[in-house]
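Sequence lines set the chain letters: A, B, ... in the order given, protein chains first and strands last, and positions in each chain run from 1.
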Amino acid sequence: MRLSTYFLPTLKENPADATMASHRLMVRAGLVRPLAAGIYSWLPMGWRVMKKVMEIIREEMDAIGAQEFQLPALNPIEIWEETGRVEAFGDTLFHVKNRPLVLAPTHEEIFTTIAKDHIKSYRDLPQIWYQIQTKFRNEPRPRSGVIRGRQFFMKDSYTFDRSFEELDKSYGLHREAYKKIYSRSGLKFFIVGAYSGAMGGTGSQEFMVESTDGEDTCAVCDNCDYAANLEVASSKKEPVGRAGDSMPVGEIHTPNVKTIDQVAEFLKMSTERLAKSLVYDADGEAVLILMSGNDQLNESKLATALGKTAYAMQPEDLAKLTGANAGSIGPVGLKNFRIIADKRLEDANELVSGANKDDYHLGHIDLKRDVKIDGYYDLRTVEEGEECPNCGHKLRIVNAIEIGHIFKLGTKYSAALHANYLDVAGAEKPIVMGSYGIGVERIIACHIEQNHDDNGIKWGKSIAPFDVHLASVNMDNQEVVAAAEKVFNELNEAGIDVLYDDRQGVSPGFKFKDADLLGMPVQVIVGERNLKQGNIELKFRSTGERKVVPAAEVIGEIKKFLAI
RNA sequence: CGGGGCGUGGCUCAGCCCGGUUAGAGCGCUUGGUUCGGGACCAAGAGGUCGUGGGUUCGAAUCCCACCGCCCCGACCA
C-alpha cells in the first residue's frame with residue numbers, strides 16, 4: 001500500500017476530548033473517527049487491525065469446533081419479552097420507533113430460538129455456535145473512546161449441552177480458547193471470578209486487563225492465582241466472634257454521635273463491635289443489613305444474597321419505617337423488616353447499634369439472643385491489603401478493563417423459550433447453555449494501552465495493520481526512490497504487508513514521526529546517507545533498536561524478525 | 001439521571017470576565033520557489049451561520065434565558 005494514495009488522516013496534536021492513551025492514539029493514527037457519543041467510524045487503517053483481531057478469534061473458535069453464524073441485529077421485541085429482558089435491560093435496550101423491533105444488545109434469545117426450532121434430540125448435542133456481530137446498547141454514558149460505546153463489535157458464542165457436566169466441558173473449552181485469543185493478540189491479562197448479574201446462571205469469569213482507567217475493580221493475589229472482581233471477591237478477614245458472656249442490653253445516650261468513627265470515639269471502643277445498620281428496599285420489602293464497623297456493603301453481593309436488586313432507602317423514608325434517622329437505626333425490636341447480616345458478625349455479641357430512637361444507641365447486643373437474623377451472608381467489600389482467601393498473601397486492589405466474560409447460563413433461556421431436547425430415555429429436558437463474549441474493540445484499545453510510548457503506537461506483530469513501514473527519505477533522489485521501490489516490490493512479492501511512505505515533498509522528520517505514530521513493528525528507512533554504502537536502515541518500533549544492513553539483506557532480515 | 005467543564009476555519013486554541021473597526025494565532029490546506037535523516041523555510045492565497053433559537057442593547061463571539069452537542073466525575077453497566 002502506497003501512503004501517497006492511502007486514506008490515512010493522522011493528527012499531529014492530541015484531540016481535545018480524548019484522555020486515555022489508546023483513545024488519543026487511535027484518533028491520531030487515523031484508525032477511527034468519532035461520529036457521535038460512543039459511536040465510531042472505522043477508517044481503513046483501523047479496520048485492518050479489526051479484521052486481524054477477528055481472524056484470530058475465528059481461528060481459535062473454529063479450533064474448538066465452534067460454527068460461525070451471522071444473526072440479525074434487528075429482533076422482534078416479542079422474543080425479548082418472553083425472557084423478561086425488555087424489562088431487565090430497561091433503557092439500555094434500543095427500541096425501534098416505527099416497528100415492534102429492538103436492536104440486539106446480545107443474542108441469547110435468537111440463538112436459543114434457533115436451537116429450540118432445530119435441536120430435538122440428545123443426538124443433536126453438543127453444539128457451539130458463535131458470531132462476530134455489531135451490538136447496540138444505549139449506554140447511559142459512553143466513555144474511554146471505543147471501550148464503552150453504544151455500538152460495538154462482540155464475538156458472542158453459545159454452547160448447548162445435555163447436562164451441567166457437559167456444560168463444564170464447553171465452558172472449559174472457551175476458557176482455554178480465550179486465553180489463546182488474548183495471548184495471540186499480545187495482551188497481558190488475568191482471569192477473575194465474576195458476578196453474573198442480570199445474565200443469570202450458575203457461575204462466570206471475566207478476562208481482565210489491568211489499567212488505571214479500567215471501569216472494574218478486582219482483588220488480585222500476586223502469590224497464588226486468586227483473582228476476583230470486587231463484586232464477588234472475599235478475603236480472610238476474621239469474624240468478630242463472641243466476647244465473653246453477654247451483658248443485658250442497655251440504652252446509651254449518644255447525642256450527635258452518628259458515624260461509626262464518632263461512636264467508636266465516644267464509647268472508647270474499636271469499630272469492630274459497632275454493628276452498622278443499612279436500610280435497603282428490595283422490591284418493596286424493607287431490609288436491614290448489619291455490617292461490622294466500617295466494612296463497606298457490596299451491593300452486588302447483596303443482590304446475590306437477596307436474589308434481587310435492592311436500592312438504598314431514601315433518608316426521608318427511614319424515619320417513617322424505623323422511628324429514627326440514619327445513624328440511630330438498629331436491629332433490636334425492629335418490626336416489619338427482614339434482617340440480614342454480614343458473615344463477620346455471625347453469632348457475635350457485645351455489639352453496639354442504633355436504638356431506633358434519635359441520639360440513642362444500644363449496647364451489649366447479642367445477635368443470638370436479641371435479634372432474629374434471617375441469614376448471614378458475605379456482604380462486605382474486600383479492601384487493599386486484606387489476606388487472600390486461598391493463601392493468605394496480601395491482596396492488591398486494581399482497576400481493570402473487562403475484555404471477555406464467560407457464563408454458565410444453565411437453563412434460564414432454554415426454559416423460558418422452551419428449548420428442550422429428548423434424552424436417551426425419551427424424557428424432555430431443557431438444553432443446558434453457556435454464553436461467552438469478547439469485546440473486539442477492547443482488544444485493540446487494550447493492546448494500544450499496553451504497547452505505546454509518547455511518540456505513538458507500538459503494534460505487536462500479530463495484529464499490526466501492516467508488518468512493515470517503508471519510508472523513502474527523499475522522493476527527489478532517483479536512487480533512493482529506485483531502492484525503495486525495489487524493497488516495496490520484493491516485500492509485496494514475499495506476501496509481507498507493507499505500508500510505503502512514498503509521499504512527495506514531505507520532510508524526513510515528518511515521515512519518521514508518522515512512522516512512529518502509526519507504529520508498525522519494523523520500519524525500513526531508505527535514505528541517501530546509507531544508500532551511498534549500499535545500505536538500508538531497519539528500525540524496530542518496540543525496542544527502538546536500529547540496524548543498518550546491505551540492501552540485498554533487507555528482505556531476509558525482515559523475514560527473520562517476523563519469523564516467517 | 002446528579003455534579004463539573006467545553007462548544008470560535010479541518011485540528012489545537014486565544015479573544016468573552018469589563019459589549020464597540022474588516023474575529024485572531026499556530027498547525028493543516030492551495031499555488032510558486034527553496035529545502036531534504038526526526039513534525040523545514042520564504043512568499044502569495046483559500047477557508048469562520050463564533051453550537052442553535054430567543055432576549056437585552058444604538059450595537060452581542062462577549063451579557064441573560066432556553067435548547068442541542070461533546071468530554072470528565074458519579075449513578076448505572078448482561
Side-chain angles (χ1 to χ4, degrees), chain A residues 9-20 23-24 27-28 30 33-39 80 83-93 104-109 135-145 147-150 152 154 156 158 194-201 204 206 213-217 229 231 299-300 303 309 311-312 401-402 404-407 409 412-413 435-437 439 454-456 471-477 480-481 501 503-517 523 525-532 536-537 539 544 546 548:
Chain A
T10 59
L11 256 37
K12 189 151 69 172
E13 290 180 272
N14 281 322
D17 52 10
T19 51
M20 270 179 91
H23 187 192
R24 281 200 308 269
V27 174
R28 280 192 57 200
R33 280 294 179 271
L35 182 63
I39 306 175
W80 287 80
T83 53
R85 290 219 289 177
V86 172
E87 201 191 346
F89 273 103
D91 195 46
T92 304
L93 185 66
T106 172
H107 279 82
E108 278 77 16
E109 277 77 0
K135 307 290 182 198
F136 298 88
R137 294 181 186 179
N138 185 23
E139 294 291 345
R141 176 152 95 85
R143 67 185 92 171
S144 310
I147 288 179
R148 180 168 287 274
R150 294 208 165 111
F152 57 97
M154 178 188 270
D156 49 323
Y158 306 85
Y195 175 60
S196 300
M199 282 292 279
S204 80
E206 288 166 327
D213 293 293
E215 297 181 71
D216 285 273
T217 313
N229 194 304
E231 292 169 338
E299 294 193 359
S300 301
T309 310
Y311 301 91
I401 297 165
E402 178 189 349
H405 201 157
I406 55 180
F407 292 90
L409 289 180
K412 172 174 171 163
Y413 297 89
S435 102
Y436 316 85
D454 290 344
N455 292 317
S472 89
V473 169
N474 182 349
M475 291 300 290
D476 292 334
N477 182 315
V480 168
V481 173
D501 190 346
R503 290 174 296 180
Q504 305 262 1
V506 174
S507 71
F510 202 98
K511 290 192 173 187
F512 297 145
K513 287 289 187 184
D514 258 355
D516 285 348
L517 171 64
Q523 297 171 12
I525 299 156
V526 184
E528 220 172 321
R529 205 172 70 187
N530 286 311
L531 205 57
K532 275 187 207 150
I536 285 174
E537 179 182 337
K539 177 181 166 185
R546 293 167 189 273
V548 177

Checklist entry - Between B:rC63 and B:rC6, how far is it from one P atom to the other, in whole Å? => result 12 Å
Checklist entry - Partners of A:His107 by ring-ring contact (aromatic ring centres under 6.0 Å, His included), sequence neighbours excluded? => result none
Item to check | A:Glu215 vs A:Arg143 side-chain heavy atoms within contact, under 4.5 Å | outcome: yes
Item to check | A:Asn530: side chain to side chain donor-acceptor pair (under 3.5 Å) partners, not counting sequence neighbours | outcome: none
Checklist entry - Which whole-number value in Å describes the distance from A:Glu231 CD to B:rC77 P? => result 8 Å
Next on the checklist: Need one value for A:Ser204: base, sugar-phosphate or nothing, where a base atom within 4.0 Å counts as base even if backbone is also close, heavy atoms only.
Outcome noted: nothing
Checklist entry - Looking for any heavy atom pair under 4.0 Å, which part of the strands does A:Ser472 touch: base, sugar-phosphate only, or nothing? => result nothing
Checklist entry - Considering residues at least two apart in sequence or located in another chain, which fulfil the side chain to side chain contact (heavy atoms under 4.5 Å, CB included) criterion with A:Asn474? => result A:Asp476, A:Asn477, A:Glu528
Checklist outcome for this item: Taking every heavy atom of A:Lys511 against every heavy atom of A:Ser472, the minimum-distance pair comes out as NZ-O, 2.9 Å
Checklist entry - So, do A:Leu409 and A:Tyr436 sit near enough that their side-chain heavy atoms are less than 4.5 Å apart? => result no
Item to check | Watson-Crick or G-U wobble mate for B:rU30, both contacts under 3.5 Å | outcome: B:rA44
Checklist entry - Using a cut-off of 4.0 Å on non-hydrogen atoms, how would the nucleic acid contact of A:Arg33 be classed: base, sugar-phosphate, or nothing? => result nothing
Item to check | All side chain to side chain contact (heavy atoms under 4.5 Å, CB included) counterparts of A:Ala37, not counting sequence neighbours | outcome: A:Pro142, A:Arg150
Item to check | Spacing of the C1' atoms in B:rA60 and B:rU8 (rounded, Å) | outcome: 14 Å
Checklist entry - How far does the P atom of B:rG39 sit from the matching atom of B:rC77, given to the nearest Å? => result 49 Å
Checklist entry - Rounding to a whole Å, what distance do you find between A:Asn138:CG and B:rA75:P? => result 19 Å
Checklist outcome for this item: Ranking B:rG39, B:rC72, B:rG37 by distance to the side chain of A:Asn530, first place goes to B:rG37
Checklist entry - Looking only at heavy atoms, what is the nearest atom pair of A:Ile536 and A:Ile525, with distance? => result CG2-O, 3.7 Å
Checklist entry - Looking only at atom C1', what distance separates B:rU35 and B:rC72, rounded to whole Å? => result 44 Å
Checklist entry - Watson-Crick or G-U wobble partner for B:rA23, using a 3.5 Å limit on both distances? => result none
Checklist entry - Taking N and O atoms by type only, does the side chain of A:Arg503 place a donor or acceptor under 3.5 Å from a partner on the base of B:rG39? => result no
Next on the checklist: Need one value for A:Ala36: base, sugar-phosphate or nothing, where a base atom within 4.0 Å counts as base even if backbone is also close, heavy atoms only.
Outcome noted: sugar-phosphate
Next on the checklist: Measure CG/A:Asp514 against P/B:rG37 and give the value in whole Å, please.
Outcome noted: 17 Å
Next on the checklist: Checking A:Pro105 now: which residues fulfil side chain to side chain contact (heavy atoms under 4.5 Å, CB included) with it, not counting sequence neighbours?
Outcome noted: A:Trp80, A:Phe89, A:Leu93, A:Arg137
Next on the checklist: Heavy atoms only, 4.0 Å cut-off, all strands: where does A:Glu299 land among base, sugar-phosphate and nothing?
Outcome noted: sugar-phosphate
Item to check | Rounded distance (Å) that lies between atom P of B:rC71 and atom CD of A:Glu139 | outcome: 13 Å
Item to check | Whole-Å distance separating the CG atom of A:Asp501 from the P atom of B:rG39 | outcome: 15 Å
Item to check | B:rU56 - base-pair partner by Watson-Crick or wobble geometry, distances under 3.5 Å | outcome: none
Checklist entry - Closest to the A:Ala37 side chain: B:rG39, B:rC77, B:rC71? => result B:rC71
Checklist entry - Hey, does the side-chain of A:Asp516 have a donor or acceptor N/O within less than 3.5 Å of a partner on the base of B:rG38? => result yes
Checklist entry - Between A:Asn229 and A:Ala194, which heavy-atom pair has the shortest distance, and what is it? => result CB-CA, 4.3 Å
Item to check | Pairwise P distance, B:rG24 and B:rC29 [rounded to whole Å] | outcome: 23 Å
Item to check | Pairwise C1' distance, B:rC58 and B:rU21 [rounded to whole Å] | outcome: 16 Å
Checklist entry - How many Å lie between CG on A:Leu93 and P on B:rC77, as a whole number? => result 15 Å
Checklist entry - Do A:Arg141 and B:rC77 share a donor-acceptor pair, side chain to base, under 3.5 Å? => result no
Item to check | Residue matched to B:rA14 through Watson-Crick or wobble contacts both under 3.5 angstrom | outcome: none
Checklist entry - The side chain of A:Arg143 lies closest to which of these nucleotides: B:rG37, B:rA75, B:rG39? => result B:rA75
Checklist entry - Using purine N1 to pyrimidine N3 plus N6-O4 or O6-N4 for Watson-Crick, or N1-O2 and O6-N3 for G-U wobble, both under 3.5 Å, which nucleotide pairs with B:rC67? => result B:rG51
Checklist entry - Step by step, would you call A:Glu108 with A:Arg85 a salt bridge (Lys or Arg N to Asp or Glu O under 4.0 Å)? => result CA-CA 10 Å; A:Glu108 278 77 16; A:Arg85 290 219 289 177; 2.8 Å; yes
Item to check | A:Asp213 CG - B:rC71 P separation (whole Å) | outcome: 15 Å
Next on the checklist: On RNA chain B, compare the nucleotides closest to A:Gly145 and A:Glu402; which residue's is nearer the 5' end?
Outcome noted: A:Gly145
Next on the checklist: Students often get this wrong, so: under 4.0 angstrom with heavy atoms, is A:Lys539 touching a base, only sugar-phosphate, or nothing?
Outcome noted: base
Item to check | Base B:rG37 paired with A:Glu537 side chain (donor-acceptor, <3.5 Å) | outcome: yes
Checklist entry - Expressed in whole Å, how much space separates the P atoms belonging to B:rG4 and B:rC67? => result 15 Å
Checklist entry - Which nucleotide, B:rC77, B:rG39, B:rG37, lies nearest any side-chain atom of A:Glu215? => result B:rC77
Checklist entry - Nearest to the side chain of A:Ile525 - B:rC71, B:rG37, B:rG39? => result B:rG37
Checklist entry - With the sugar-phosphate defined as primed atoms, P, OP1 and OP2, and the base as all remaining atoms, what B/S/- string results for nucleotides 8-13 of chain B, 5' to 3', for protein heavy atoms under 4.0 Å? => result ---BSS
Next on the checklist: What is the distance, to the nearest angstrom, from the CZ atom on A:Arg148 to the P atom on B:rC73?
Outcome noted: 12 Å
Next on the checklist: Taking the C1' atom in each of B:rC27 and B:rU22, what is the distance between them to the nearest angstrom?
Outcome noted: 24 Å
Checklist entry - Does B:rA75 pair with anything, Watson-Crick or G-U wobble, both distances under 3.5 Å, and if so, with which nucleotide? => result none
